[in-house]
Amino acid sequence: MTPLAYGNLDQFGKDPWWLVLAKVVVIFAFLVVMTLFAIWYERRVVARMQVRPGPNRNGPFGLLQSLADGLKLAFKEDIMPKMADKVVFFFAPVISTVCAFTAFSVMPFGPTVSIFGHQSPLQLTDIPVAVLLVLACSSMGIYGIVLGGWASGSTYPLLGGLRSSAQMISYEVAMGLSIVSVFLVAGTMSTSGIVEAQAGNGTIGIGSWTFDAPAWYAILLLPSFLIYFTSAVGETNRAPFDLPEAESELVGGFHTEYSSLKFALFFLAEYINMVTVSGLCATLFLGGWRAPWPISLWDGANHGWWPVLWFTIKVLLLLFVFVWLRGTLPRLRYDQFMRFGWKVLIPANLVWILALSGIRLMQKGELSTGNRVGIGAGIAVLVLLVLVMVGMQRGRKDVLADMPKPDPGGRVGGANGFPLPPMNLEVPPSPRAKRVIVERETVSTSKES
């Protein structure tokens with residue numbers, strides 16, 4: 001499958017002002033409704049997993065519970081901490097919310113349709129580097145979390161903000177690298193062009209072998225799809241990667257000091273980010289608004305307004321995976337989380353991109369004999385490095401298993417050995433602490449006459 005210049009950007013930028021304004025309002029309403037639905041959806045699904053009813057009071061099936069919670073938050077008292085930076089404390093949730101809304105402006109909902117007599121694509125706008133715009137907006141949204149934690153004037157929110165910045169650096173790199181493979185195959189960074197590149201079936205030819213390739217990049221580029229979605233969960237601070245707001249360690253994380261409408265804005269930004277990364281995942285890897293098989297066999301499946309339904313269903317299915325992970329996996333330790341991002345996801349991404357680039361060159365037939373030998377040697381070196389790393393990990397486990405066990409006094413290697421931290425969370429008394437010796441008075445047992 002050779003990269004083609006998919007996507008015709010000439011169809012954008014020609015809408016009248018009222019149609020652009022209508023699209024902005026519709027996207028805003030879509031995200032707000034999806035947020036309200038996602039909150040109810042998450043609570044009902046987790047309740048189903050835990051064999052309990054979940055919200056079922058307000059509205060049919062409890063559908064109005066999220067709206068009731070939002071109204072309650074809006075009318076609560078707004079508390080400003082005494083040590084907070086008032087200006088930054090106010091603008092931090094606004095930054096997160098605005099960036100979350102802006103990222104959805106380049107998402108394609110469907111093909112070109114007739115809207116009140118005007119032929120217009122079901123997309124607000126598109127640019128040659130639209131995917132990079134989404135990544136930039138998600139990165140800027142972290143500033144709201146970091147500034148909110150810093151401006152609160154408290155220790156726990158500051159730690160939550162710092163965790164979020166480190167988490168963003170780690171998993172934004174992995175997410176960006178996972179999208180590189182899509183660029184290599186599709187030949188464009190435009191979201192509408194990537195959707196067009198996944199239309200129908202392609203053909204892959206390596207030497208004399210030729211076979212049909214699947215249309216969706218989730219199948220053709222399966223490692224990138226898995227790494228992207230894992231990074232998206234870490235990027236949106238969702239369980240089991242919700243370390244910036246870990247209640248067991250940080251009370252509430254970066255939004256501990258927030259209340260009322262400002263807390264609701266942080267809550268809104270988190271769920272909109274979930275919808276955004278799910279929409280981007282559907283666009284990049286699941287064919288975007290195109291109908292899945294066997295619905296695609298119907299001629300009218302990818303025409304008119306039906307694609308909006310397919311796109312929404314794909315987003316809801318990806319949101320279900322978010323909820324599924326929350327109800328299944330426990331929260332990771334912070335060191336495990338960062339190690340997984342830097343030592344697993346990023347190296348696996350780099351190896352996959354190198355392998356994919358070699359396959360692309362072999363398809364084009366532009367490799368000489370020397371280049372083929374070089375690629376083979378490079379693959380052999382990578383395999384050798386992986387085997388060496390696995391051997392080092394096994395050796396490390398053997399060393400830890402052979403370490404001497406502590407004696408009853410809590411020391412390894414006898415009374416003069418080095419102390420071992422307690423494993424039962426009971427802190428022993430310090431041997432350097434001064435002990436207070438109280439002399440007892442002699443008590444006479446004889447009766448006084």
Side-chain angles (χ1 to χ4, degrees), residues 42 81 83-85 88-100 103 134-178 227-259 262-274 276-277 322-323 325-347 349 421 425:
E42 179 176 9
M83 300 298 294
D85 188 311
V88 181
F89 188 81
F90 173 80
F91 278 105
V94 177
I95 293 173
S96 294
T97 308
V98 171
C99 291
V134 178
L135 294 179
C137 290
S138 63
S139 302
M140 290 294 294
I142 305 296
Y143 278 92
I145 296 177
V146 176
L147 292 176
W150 173 80
S152 298
S154 180
T155 303
Y156 289 126
L158 178 60
L159 291 176
L162 293 177
R163 280 188 177 187
S164 182
S165 60
Q167 187 168 321
M168 182 273 294
I169 294 172
S170 175
Y171 281 78
E172 190 79 16
V173 174
M175 181 185 291
L177 290 175
S178 65
I227 294 174
Y228 171 85
F229 197 82
T230 304
S231 303
V233 177
E235 181 76 11
T236 53
N237 301 332
R238 292 286 303 178
F241 302 149
D242 55 337
L243 298 171
E245 50 191 36
E247 297 88 353
S248 58
E249 309 158 29
L250 302 177
V251 183
F254 62 91
H255 54 57
T256 301
E257 304 293 344
Y258 279 89
S259 61
K262 289 194 281 293
F263 175 80
L265 289 178
F266 271 129
F267 210 65
L268 181 67
E270 177 181 335
Y271 278 87
I272 291 178
N273 283 329
M274 288 173 54
T276 300
V277 296
F322 275 96
V323 180
L325 293 176
R326 177 186 174 181
T328 306
L329 299 178
R331 181 182 293 130
L332 273 70
R333 287 201 324 260
Y334 191 69
D335 59 322
Q336 295 174 333
F337 176 67
M338 298 302 291
R339 186 185 303 114
F340 181 68
W342 286 103
K343 293 188 177 181
V344 177
L345 294 184
I346 294 178
N349 243 325
L425 300 182

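Predicted model, so just to flag it, every value in this text is computed and none were measured.
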Quick one: does [X]'s side chain have a donor or acceptor within less than 3.5 Å of a partner on [Y]'s backbone?
{"X": "N349", "Y": "A174", "value": "yes"}
{"X": "T236", "Y": "V233", "value": "yes"}
{"X": "S170", "Y": "A166", "value": "no"}
{"X": "E172", "Y": "E235", "value": "no"}
{"X": "S152", "Y": "G148", "value": "yes"}
{"X": "Q167", "Y": "F241", "value": "yes"}
{"X": "Y228", "Y": "V277", "value": "yes"}

Which heavy-atom pair separates [X] from [Y] by the least distance, and what is that distance?
{"X": "G161", "Y": "V146", "answer": "O-CG2, 3.5 Å"}
{"X": "C99", "Y": "C137", "answer": "CB-O, 3.5 Å"}
{"X": "M175", "Y": "A232", "answer": "CE-CA, 3.5 Å"}

[Y] and [X], any side-chain heavy atoms less than 4.5 Å apart:
{"X": "W342", "Y": "M338", "answer": "yes"}
{"X": "F91", "Y": "Y143", "answer": "no"}
{"X": "I145", "Y": "S96", "answer": "yes"}
{"X": "M140", "Y": "I95", "answer": "no"}

What's the spacing between [X] [atom1] and [Y] [atom2] if we round to 0.5 Å?
{"X": "L345", "Y": "R339", "atom1": "CG", "atom2": "CZ", "answer": "13.0 Å"}
{"X": "M274", "Y": "E42", "atom1": "CE", "atom2": "CD", "answer": "5.5 Å"}
{"X": "L265", "Y": "I272", "atom1": "CG", "atom2": "CD1", "answer": "9.5 Å"}
{"X": "T328", "Y": "R326", "atom1": "OG1", "atom2": "CZ", "answer": "11.5 Å"}
{"X": "L268", "Y": "N273", "atom1": "CG", "atom2": "CG", "answer": "9.5 Å"}
{"X": "F254", "Y": "L158", "atom1": "CZ", "atom2": "CG", "answer": "13.5 Å"}

Any idea how [X] and [Y] line up, ring-wise: parallel (<30°), tilted (30 to 60°), or perpendicular (>60°)?
{"X": "Y271", "Y": "F267", "answer": "tilted"}
{"X": "F322", "Y": "F229", "answer": "tilted"}
{"X": "F89", "Y": "Y258", "answer": "parallel"}

- Message: Using the rule side-chain contact (heavy atoms from CB on, under 4.5 Å), only one of T230, I227, I346, V173 pairs with S178; which is it?
- Response: I227
